[in-house]
2 protein chains.
Amino acid sequence: MSATVPTETPVAVHASEGPAFSPLYQQIKALLVKSLQGGEWKPGEAIPSELELAARFRVSQGTVRKAIDELATDNLLVRRQGKGTYVATHAEENIQYRFLRLAPDEGPATGMARSFLDCRRIRAPADVARALDLKSGDSAVLVRRTLSRNERPVVLDEIWLPAGPFKGLTAERLSQYAGPMYGLFESEFGVRMIRAEEKIRAVVADASSAALLQVPEGSPLLSVERLAHTYGDKPVELRRGLYNTASHFYRNELN
Amino acid sequence: MSATVPTETPVAVHASEGPAFSPLYQQIKALLVKSLQGGEWKPGEAIPSELELAARFRVSQGTVRKAIDELATDNLLVRRQGKGTYVATHAEENIQYRFLRLAPDEGPATGMARSFLDCRRIRAPADVARALDLKSGDSAVLVRRTLSRNERPVVLDEIWLPAGPFKGLTAERLSQYAGPMYGLFESEFGVRMIRAEEKIRAVVADASSAALLQVPEGSPLLSVERLAHTYGDKPVELRRGLYNTASHFYRNELN
DNA sequence: TAGTGGTCTAGACCACATC
DNA sequence: ATGTGGTCTAGACCACTAA
């Protein structure tokens, strides 16, 4: 128990060592990320207390604290006063869709009904392969689905994933899983999404999109291309969404 | 010099005082915001050193530090190692448009050419009055302008401001001012924008928008409605933008 | 009551900018 | 050489949670 994790190799000290000085707490932060990435602590679990980590890394509590603080603002960890610090998880999140910024014009932002159209394995097109860092010819999983509110489809998503890490993903498993999709990815495939970039444009609906979203062909739609990354800024999901913004809007905060 | 600012009334101590416990550093933060709002330190100027502030508030440097840290992440202050801590300003910002999230598909994100269409004083329509917390019948300033890249218009903005604080704003002053518009608002009218929310939709161009943006009528455009706030979360600008996303996109980061 | 994170302090020293 | 912010420490005490 007390010795399962030996005192870590003391990190490089903060003496002037020529190039690339890095504060102790940044080094601790990197070590913690490594442990998270390596699965030493699983999503939803508590990590050791600050004092334990301080002993393990041979630094003061304050230094560990600063490292954890940054990981908490990065949403990799969640602090709970009196209880401990936990690995963030998509599974038990109150917010249904952590990255979905779509809100209804009126009424509460209730959950939306999912409907999976298909889930196929195909060779990744060149642009998808480029975005996901795949070699040309590598196969990918393509999932298509809609989200509806009040029986009306609002979102049409086309989700590209590298086939390797997502072996065994089927439309059935997607339908049966209750929580958010990223929760499934995390618990079943060990891929945790931590950050994403979106490129947003206005486009017009083509015939097939119009049919699926039940709008006239040529209607304006919001095109949202999301590239989601896991640890180490590795891109692992390319999601192309079309949003009907007739009674919804994409909300953003600028600071 | 040393006594121009007397020791501040010691803040409420952190004894259990029934309802609403607030950490010392939060109280310091509030006091600093008050000084910023009151103009004790102007945008671009340095605030007193951490040790000076610690003496003034009768707390430790670490407590002042934590308060300043939060104000820095809120973009109200800017820390410069070895020099001091400065009041953030829109005037001398490297980034041309702090809140504009539009990026070109190709090429660098160079500055865009502004062109002011008009600047009028009119009674605020009901929806604008509601957004800006004006009484119905209050007058407002309406500025219309375009932003162009490579001689092609990309953005058409309709900017609503409360007439009171912006007395004396004319199209001419807008055209003559070199920097970003928020820099003008800050230095000439004492209104500093701190935070904004945007609601984004896809729409189609009507006749007049299409003409100004040089696109066919019915083209898809990104509608970006921005509500910008100053200190105390007071809304002071409603900006309705139409973006041509044929060769540009709205970029967003999700954490 | 014990353990956790949260706050606050005082002091040392480092890195950076300026004179 | 001086002054600024940046890092790190050690220790005290508070607030919250759970047994």
Side-chain angles (χ1 to χ4, degrees), chain A residues 1-2 8 10-32 41 44-73 76-88, chain B residues 1-2 8 10-32 41 44-73 76-88:
Chain A
M1 312 299 227
S2 62
E8 211 100 333
V11 285
V13 204
H14 47 81
S16 326
E17 30 189 276
F21 156 79
S22 155
L24 254 185
Y25 74 86
Q26 290 285 7
Q27 304 178 35
I28 305 293
K29 187 179 169 185
L31 289 174
L32 290 173
W41 314 299
E45 288 180 9
I47 71 172
S49 75
E50 296 180 349
L51 282 171
E52 280 180 86
L53 289 171
R56 166 163 160 188
F57 295 127
R58 303 185 137 291
V59 299
S60 76
Q61 183 186 4
T63 300
V64 168
R65 237 188 121 61
K66 185 144 184 177
I68 292 179
D69 276 344
E70 293 203 353
L71 293 173
T73 62
L76 293 191
L77 297 176
V78 177
R79 312 191 81 133
R80 290 188 195 137
Q81 182 174 84
K83 300 183 68 174
T85 301
Y86 295 77
V87 182
Chain B
M1 311 274 149
S2 64
E8 211 98 335
V11 287
V13 205
H14 48 81
S16 325
E17 27 188 279
F21 155 79
S22 155
L24 254 184
Y25 73 87
Q26 291 285 7
Q27 303 177 36
I28 305 293
K29 188 179 169 187
L31 290 174
L32 290 173
W41 314 300
E45 289 179 9
I47 71 172
S49 76
E50 296 180 350
L51 283 171
E52 280 179 85
L53 289 171
R56 165 161 160 189
F57 295 128
R58 303 186 136 289
V59 299
S60 76
Q61 182 186 5
T63 300
V64 168
R65 238 190 118 60
K66 184 144 185 178
I68 292 179
D69 277 344
E70 294 204 353
L71 293 173
T73 61
L76 293 191
L77 297 176
V78 177
R79 318 195 75 138
R80 288 188 198 138
Q81 182 173 95
K83 301 184 67 177
T85 301
Y86 295 76
V87 181

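Atoms considered below: every heavy atom in the structure, side chains included; atoms not considered: hydrogens, waters and symmetry mates. Each chain gets a letter, A, B and so on, in the order its sequence line appears, and its residues count up from 1.
In the set dG6(D), dA18(D), dA17(C), the nucleotide with an atom closest to the side chain of R79(B) is dG6(D). Nearest nucleotide to the K83(A) side chain, out of dA18(D), dC8(D), dT9(C): dA18(D). Comparing dC8(D), dA17(C), dT7(C) by their nearest atom to the side chain of K66(B) picks out dT7(C). Distance from the side chain of T63(A) is smallest to dT9(D) among dT9(D), dC8(C), dT7(D). Side-chain proximity of S49(A) to dA15(C), dG5(C), dC8(D): nearest is dG5(C).
Going from atom CZ of R58(B) over to atom P of dC8(C) covers 17 Å, rounded to whole Å. In this structure, E50(B) atom CD and dA15(C) atom P are separated by 18 Å, rounded to whole Å. Rounding to whole angstrom units, CG of residue L71(A) and C1' of dG5(C) are separated by 15 Å. If you measure from atom CG of L53(A) to atom P of dG5(C), you get 8 Å, rounded to the nearest angstrom. Taking atom OH of Y86(B) as the reference point, atom C1' of dC16(C) lies 12 Å away to the nearest angstrom. Straight-line distance from the CG atom of L24(A) to the C1' atom of dC14(C): 12 Å, rounded to whole Å. Regarding D69(A), its CG atom lies at a distance of 11 Å from the P atom of dG5(C), rounded to whole Å. The distance from atom CD of Q61(A) to atom C1' of dT7(D) is 16 Å, rounded to the nearest whole Å.
If you check every strand for non-hydrogen atoms under 4.0 Å, R65(A) touches a base.
Taking 4.0 angstrom as the limit, S60(A) places none of its side-chain polar atoms (N or O) nearer than this to OP1 or OP2 of dA10(D). Checking the phosphate oxygens (OP1, OP2) of dT7(C), a side-chain nitrogen or oxygen of Y25(B) falls inside 4.0 Å.
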task = Evaluate side chain to side chain contact (heavy atoms under 4.5 Å, CB included) for E70(A) paired with L76(A), printing each intermediate quantity in order.
result = CA-CA 9 Å; E70(A) 293 203 353; L76(A) 293 191; over 6 Å; no
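Taking for each of G62(A) and P48(B) the nucleotide of DNA chain D with the nearest heavy atom, the 5'-most of the two is the partner of P48(B).
Minimum heavy-atom separation, Q61(A) to L51(A): OE1-CD2, 3.9 Å. In terms of heavy-atom proximity, V64(B) sits nearest to E50(B) at CG1-O, 4.1 Å.
Taken to the nearest 0.5 Å, the CG atom of L53(B) stands 5.5 Å off from the CD1 atom of I68(B).
Q27(A) contributes a side-chain N or O that, together with a main-chain N or O of S22(A), makes up a donor-acceptor pair within less than 3.5 Å.
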